[in-house]
2 protein chains.
Amino acid sequence: MDMGADCHHEDGVHPGLAGPVLADALVLAERRCAATQERLTAPRRRVLELLLESDGPQKAYDLIAAFGAHGEPAKPPTVYRALEFLERLGFAHRIESLNAYVPCRLDGQGHRAAFVICECCGAAEEFEPDFATQLAAAAPSGYAVRSVTLEARGLCPACQAG
Amino acid sequence: MDMGADCHHEDGVHPGLAGPVLADALVLAERRCAATQERLTAPRRRVLELLLESDGPQKAYDLIAAFGAHGEPAKPPTVYRALEFLERLGFAHRIESLNAYVPCRLDGQGHRAAFVICECCGAAEEFEPDFATQLAAAAPSGYAVRSVTLEARGLCPACQAG
DNA sequence: AATGATGCGTTATGAGATAACATAACGAGT
DNA sequence: ACTCGTTATGTTATCTCATAACGCATCATT
């Protein structure tokens, strides 16, 4: 995406978790895994941690580079497998139009995710596409819609003001 | 996308143009370019032709491979530049979740494109997202939405029946 | 013709993702 | 505790997707 060279704003919508808040989020994820007999293994947990710490959408190779505790990168499959797991459980989402990943900011698992993406600062905000059911009606006749990818672009409030 | 191993359907929604119908479509494209002082150059025209001939979403490297008249592939930038042009003029759309391209099947230029994609046969059907304006309201507070990427997945009528 | 803008051809490389295979960890049943 | 099937990981290599950078060609205007 072209962010425009004249944007001086920071990613600020989701500042990224740290300290006890981050720890809590990870514990919550552990619990949700335990409840469904899924395993939040070390690499999965690490990738989730990196996503939660981040201020905005993360590229897979950013995660790969940041994976190791002392600067050693991960191997690509390690991170891609973890991302696949996190998406499956609803802990993370892929933003197709950015080739990037974000942690889920909403509670419900299995929900349909939708995003607004600021073309200026790159922030991505998740929202609940309540109208997904409307979509099924709006879609061409006869299609049985099962999932929806919805990514809207525009300007976040800060970038409109600035 | 996982199309499922058990689908025996063909891409049938848009059979691909040929002969006089194809020629007409290209002439129409020429006219629309001329009207806005844009140039439908040879590589651009060739890529549009390949898209119009196709039965379904085409990958960039499929187009690259098919570009030459006698089996010689194009160089990647040739095709990517043509696709960029065709998208800009509304003659083609990129489907993000497939990394693939389709010719525009609707008349209006500059419209917001939306797609339903059959998870079984891979067909992609374009439709007009009339509710895009509703989206602006549904989006998180304060975002000024400028464009929307909407890609729904499900089963086309033929694949539901079969 | 000179000029400036746009587009093309070419080489090379960057960015994103996965196939394939071997090894290791878990967990249910005995 | 053992063994067996399953699930997950480590590793290497490769595949797919896309663009940077450069020089030349083409076209419209002067």
Side-chain angles (χ1 to χ4, degrees), chain A residues 1-3 5 29-30 33-48 50-51 57-69 72-89 91-102 122 149 151, chain B residues 1-3 5 29-30 33-51 57-69 72-89 91-102 122 151:
Chain A
M1 176 173 44
D2 178 14
M3 289 300 160
E30 295 270 20
C33 284
T36 55
Q37 309 201 303
E38 297 280 357
R39 294 159 59 198
L40 189 63
T41 60
R44 292 167 176 177
R45 183 188 164 97
R46 176 58 176 150
V47 171
L48 177 56
L50 288 170
L51 289 174
Q58 296 293 293
K59 302 277 198 172
Y61 274 71
D62 293 340
L63 300 170
I64 287 166
F67 186 87
E72 307 91 6
K75 304 292 173 63
T78 301
V79 166
Y80 280 106
R81 285 164 177 163
L83 288 169
E84 181 183 15
F85 171 85
L86 295 172
E87 285 195 78
R88 182 162 58 79
L89 267 69
F91 291 136
H93 301 293
R94 172 179 166 80
I95 301 184
E96 299 286 349
S97 60
L98 296 178
N99 291 349
Y101 302 84
V102 291
T149 295
E151 298 168 13
Chain B
M1 177 173 46
D2 178 14
M3 290 299 161
E30 296 270 20
C33 284
T36 56
Q37 308 200 302
E38 298 280 357
R39 294 159 58 198
L40 189 62
T41 60
R44 292 168 175 177
R45 182 188 165 97
R46 176 58 176 150
V47 171
L48 177 56
E49 182 180 31
L50 288 170
L51 288 175
Q58 295 293 292
K59 302 277 198 172
Y61 274 72
D62 294 340
L63 300 170
I64 287 166
F67 186 87
E72 307 90 8
K75 304 293 172 63
T78 300
V79 166
Y80 280 105
R81 285 163 177 164
L83 288 170
E84 181 183 15
F85 170 85
L86 295 172
E87 283 194 79
R88 180 161 60 79
L89 268 69
F91 291 136
H93 301 294
R94 172 179 165 81
I95 302 184
E96 299 285 350
S97 60
L98 296 178
N99 290 350
Y101 302 84
V102 291
E151 297 169 12

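Treat the numbers as computed from the prediction; the structure is a model and nothing was measured. Basis for what follows: all heavy atoms, side chains included, without hydrogens, waters or symmetry-related copies.
Under 4.0 angstrom from either OP1 or OP2 of dT12(D) there lies at least one side-chain N or O belonging to K75(A). OP1 and OP2 of dA8(D) both lie 4.0 Å or more from every side-chain N or O belonging to R45(A). Listed pair Y80(A) / dA8(D) fails the phosphate criterion, with no side-chain N or O lying under 4.0 Å from OP1 or OP2.
Under the side chain to side chain contact (heavy atoms under 4.5 Å, CB included) criterion, A29(A) pairs with L40(A), L48(A), F91(A), sequence neighbours left out. Applying the side chain to side chain contact (heavy atoms under 4.5 Å, CB included) criterion to E84(A), with sequence neighbours excluded, gives no partner residue. Residues passing the side chain to side chain donor-acceptor pair (under 3.5 Å) test with Q58(A): none are found, sequence neighbours excluded. Applying the side chain to side chain contact (heavy atoms under 4.5 Å, CB included) rule to A74(A) yields the partners F67(A), T78(A), V79(A); only residues at least two apart in sequence or on another chain are considered. Considering only residues two or more places apart in sequence or on other chains, E151(A) meets the salt bridge (Lys or Arg N to Asp or Glu O under 4.0 Å) condition with none of them. Remark: R39(B) pairs with no residue by the side chain to side chain donor-acceptor pair (under 3.5 Å) rule, at least two apart or across chains. Applying the side chain to side chain donor-acceptor pair (under 3.5 Å) criterion to E87(B), with sequence neighbours excluded, gives no partner residue. Looking at residues two or more places apart in sequence or on another chain, you find a side chain to side chain contact (heavy atoms under 4.5 Å, CB included) between P76(A) and Y61(A), I64(A), Y80(A).
Inter-residue side-chain proximity for F85(A) and C33(A) is flagged as met; some heavy-atom pair is nearer than 4.5 Å. Residues N99(A) and R94(A) are in side-chain contact: their nearest non-hydrogen atoms beyond the backbone lie under 4.5 Å apart.
Contacts between chain A and DNA chain C, taken as any atom within less than 4.0 angstrom of a protein heavy atom, begin and end at dG16(C) to dC26(C).
Along DNA chain C, the nucleotide nearest to P76(B) and the one nearest to T41(B) differ in position, and the one closer to the 5' end is contacted by T41(B). The 5' end of DNA chain D is approached more closely, in terms of each residue's nearest nucleotide, by E38(A) than by the other of E38(A) and Y101(B).
In this structure, L98(B) atom CG and dC17(D) atom P are separated by 11 Å, rounded to whole Å. The OH-C1' distance, from Y61(B) to dA18(D), rounds to 7 Å in whole Å. Going from atom CD of E96(A) over to atom P of dC17(D) covers 13 Å, rounded to whole Å.
When each of dA18(D), dT9(D), dT12(D) is scored by its nearest atom to the side-chain atoms of P77(A), the top-ranked nucleotide is dT12(D).
The stretch residues 40-50 of chain B participates, sequence neighbours left out, in these side chain to side chain donor-acceptor pair (under 3.5 Å) pairs: E30(B)-R45(B), R46(B)-E49(B).
The bend of the helix from dA1(C)-dT30(D) to dT30(C)-dA1(D), defined by the angle between the axes of its first five and last five pairs, stands at 30° to the nearest 10°.
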Between the protein and nucleotides 23-30 of chain D, which nitrogen or oxygen pairs come in under 3.5 angstrom?
none

